[in-house]
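Start at 1 with the first residue, then count along the sequence.
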Amino acid sequence: MASFFNFSRRAGTVRSVKNVAVGTKGPTLRKHIEQTLGSGTVEQAVKLPQGEDPNEWIAVNTVFFYNAISVLYNVIDGTLCDEEHCPIMSAGPQFEYLWADGIKVKTPIKLSASKYVNALFDWIEEQLDDPSLFPRGLGGSFPKDFLPVVKNILKRIFRVYAHIYHSHFKQILGLGMETHVNTCFRHFILFVKEFSLVDEKELMPMQELVSRIVSHSQ
């Protein structure tokens, strides 16, 4: 599904697509995802391939989902999502997100949406680049805290989708990206539901759309 990563950059911080060779079968599993999505069967694309390690499958998909949301946000960052238009990181009037990474920023702080997302992407890339969390090649093993880290990554990726849908969907329509964004979000939601990776309470800002996605996949 190479087209998922082919949208041109309009403004803001340029980020390269992450190509993390996770585990022993990372490239093979990534190819499986792209081929299955290319056939139009998103429901099948989220299923654990027979005989594969669940942690490795989750790791490869986490990298995939980060690349997808990074490319999507890159299209609107700097021109549509800036300090003036989005002074806070929110998903509608009822949900505001504060930033903290537990290391550099221990006390949650209020940031504009663009600063929040770019801080988030920096933090995610640090996790993906850490071989003790995302092991490479033969002999690597996933740590005990792998799933909690991944759940935190995916929870925060959801927040970027929620912000895009609540604050920028008219612009997405104007750019002709509605189908692409909906497909990316549907893939993401079905995957995190399949492996229970994001708590239901975190999905509340998009609950109506999430419910439709789940019901239509059954």
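Contact check on Glu126 versus Lys104 returns a salt bridge, with a Lys/Arg side-chain nitrogen under 4.0 Å from an Asp/Glu carboxylate oxygen. Note on Lys47 versus Glu52: no salt bridge recorded, every NZ/NE/NH1/NH2 to OD/OE distance being 4.0 Å or above.
Using a 4.5 Å cut-off between side-chain heavy atoms of Ile, Leu, Val, Met, Phe, Trp and Tyr, with links allowed through other members, Phe169 and Met206 fall into the same hydrophobic cluster. Put simply, Met204 and Ile157 are part of the same group of oily side chains (I, L, V, M, F, W, Y) that touch within less than 4.5 Å, one to the next.
In this structure, Phe121 has its ring center under 6.0 Å from that of Tyr66. The aromatic ring centroids of Phe65 and His187 lie less than 6.0 Å from each other.
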Run Phe185 and Val210 through side-chain contact (heavy atoms from CB on, under 4.5 Å) and show every step you take.
CA-CA 9 Å; Phe185 186 63; Val210 169; 4.1 Å; yes
For Leu197 and Leu147: C-alpha separation, side-chain torsions, deciding distance, then whether side-chain contact (heavy atoms from CB on, under 4.5 Å) applies.
CA-CA 8 Å; Leu197 295 170; Leu147 280 180; 4.2 Å; yes
Should Phe134 and Phe142 be marked as a ring pair (Phe, Tyr, Trp, His ring centres under 6.0 Å) after you check the CA-CA gap, both sets of side-chain angles, and the distance that decides it?
CA-CA 7 Å; Phe134 289 79; Phe142 290 92; 7.3 Å; no
Steps toward side-chain contact (heavy atoms from CB on, under 4.5 Å) verdict (Leu154, Lys151)
CA-CA 5 Å; Leu154 296 175; Lys151 287 180 177 181; 6.0 Å; no
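The side-chain heavy atoms of Arg186 and His216, taken from C-beta on, include no pair separated by under 4.5 Å. With contacts defined as side-chain heavy-atom distances shorter than 4.5 Å, the pair Lys193/Val214 qualifies. At least one side-chain heavy atom of Gln127 sits less than 4.5 Å from a side-chain heavy atom of Ile153. Taking 4.5 Å as the limit, some side-chain heavy atom of Leu133 sits within range of a side-chain heavy atom of Asp145. Using a 4.5 Å heavy-atom threshold, the side chains of Ile76 and His168 count as touching. Two residues are said to be in side-chain contact when any heavy atoms from C-beta on lie closer than 4.5 Å; Phe64 and Asn67 fail this criterion. Contact annotation: the side chain of His163 approaches that of Cys86 to within less than 4.5 Å [non-hydrogen atoms, C-beta and beyond]. In this structure the side chain of Leu48 reaches within 4.5 angstrom of the side chain of Phe195, judged on heavy atoms.
Asn152 contributes no side-chain N or O that, together with a main-chain N or O of Pro148, makes up a donor-acceptor pair within less than 3.5 Å.
Within 6.0 Å of the NZ atom in Lys155, the count of heavy atoms belonging to other residues, nucleotides or ligands exceeds 12.
A donor-acceptor contact closer than 3.5 angstrom links the side chains of Ser112 and Glu83. Tyr116 and Arg159 form a side-chain donor-acceptor contact under 3.5 Å, judged by distance and modelled atom types alone.
Taking every heavy atom of both residues into account, Gly102 and Lys106 meet most closely at O-CG, 3.6 Å. Taking all atoms of both residues into account, the shortest heavy-atom contact from Tyr97 to Ala162 is OH-CB, 4.3 Å.
Under the 30°/60° scheme for interplanar angles, the aromatic rings of Tyr165 and Tyr161 are found to be tilted.
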